[in-house]
Amino acid sequence: MEFYEVIRKRRAVRKYKPDQVPEDALYRILDAANWAPSGMNSQSWEFVVVSGAKVKAMGESLAGIYAPLAENMDADKRGPYMDNIRNFFGAPVVIVALAPKQDKDVDRKMHLEGVCAAFENLLLAACAEGLGSCWMTGPIQEEAFLRELLSIGDDKEIVAVTPIGYPQFIPKAPPRLDPDLKQKVTWVK
Ligand SMILES: Cc1cc2nc3c(=O)[nH]c(=O)nc-3n(C[C@H](O)[C@H](O)[C@H](O)COP(=O)(O)O)c2cc1C
C-alpha cells in the first residue's frame with residue numbers, strides 16, 4: 001500500500017475476526033515501531049505482546065471500564081456491545097507500549113513522545129499488513145490490574161494499548177475538523 005494511502009486508511013478498529021496473526025507479521029510491525037525517532041536516540045519504548053487467556057482477562061477488565069458508557073444504550077444493543085468489549089473486540093493479540101518512568105516532567109515528556117512515535121509507526125505498519133488496531137488509553141484506568149497481569153514493573157509507565165487482528169468491521173473515517181488546514185496551520189514567512 002502506498003504511504004499516504006496507509007495514513008488515510010488506518011482506522012480505530014473495534015471488531016476483529018478470530019483468525020490468528022502470523023508471528024512474522026507481528027514482528028514486522030514491532031520492527032517498524034523500533035525505527036521511530038526518539039529523544040537523545042533513547043529508543044526507550046518497550047512492548048508487551050499479549051495473546052491467549054490474558055487477552056480475555058484484559059477484556060473482562062475493559063468491560064468494567066466501559067459498562068457505565070453502555071448504561072444508556074437500548075437493552076438489545078447493550079448485550080452485544082458489552083460482549084464485544086468483554087472479548088477485547090475479538091482481537092487475538094493485544095500490544096501494550098511502555099516507557100521508562102521518569103521523575104522530571106521534561107524527561108517524561110521526551111520519553112512519552114518517543115514511545116508515541118513508535119506506537120504510531122506500529123499502527124500504520126499494521127494497516128499496511130491488512131491488520132486492524134485501535135490506540136487505547138482507556139484500559140490504563142485499571143493500571144494496577146494490568147501491572148499484575150503482565151508483570152509490568154513500577155519502573156515502567158504504561159503508555160497505550162492496542163488490539164491487533166484482522167478487521168471484521170472497518171468504520172468510516174471521521175471527517176477532518178479542518179480539511180483545508182485553514183485554522184490548524186499558521187505559515188510564518
Ligand atoms: C491517545 C488516544 C487514546 C485513545 N483511547 C481510546 C480508548 O481508550 N478507547 C477507544 O475505543 N478508542 C480510543 N482511541 C481511538 C480514538 O477514539 C480514534 O482514534 C478516533 O475516534 C479517530 O478515529 P480513527 O482512529 O479511526 O481515525 C484513542 C486514540 C488516541 C490517539
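The model shown is predicted, which means the values in this text are computed figures rather than measured ones. Both counts, for ligands and for their atoms, begin at 1 and track the order of listing.
Between Y66 and Y81, the ring planes lie tilted relative to each other; the angle falls in the 30° to 60° range.
With sequence neighbours excluded, no residue forms a side chain to side chain donor-acceptor pair (under 3.5 Å) with D107. Under the salt bridge (charged side-chain N to carboxylate O under 4.0 Å, His left out) criterion, R108 pairs with E157, not counting sequence neighbours. The salt bridge (charged side-chain N to carboxylate O under 4.0 Å, His left out) search around K109 returns E113, not counting sequence neighbours.
Counting non-hydrogen atoms of neighbouring residues, nucleotides and ligands closer than 6.0 angstrom, the CG atom of D76 exceeds 12 such neighbours.
Residues lining ligand 1 at a heavy-atom distance below 4.0 Å are given as R10, R11, A12, R14, Y66, C134, W135, M136, T137, G138, P174, ordered by chain and residue number.
In the model, W35 has no side-chain atom that pairs as donor or acceptor with a side-chain atom of N121 under 3.5 Å.
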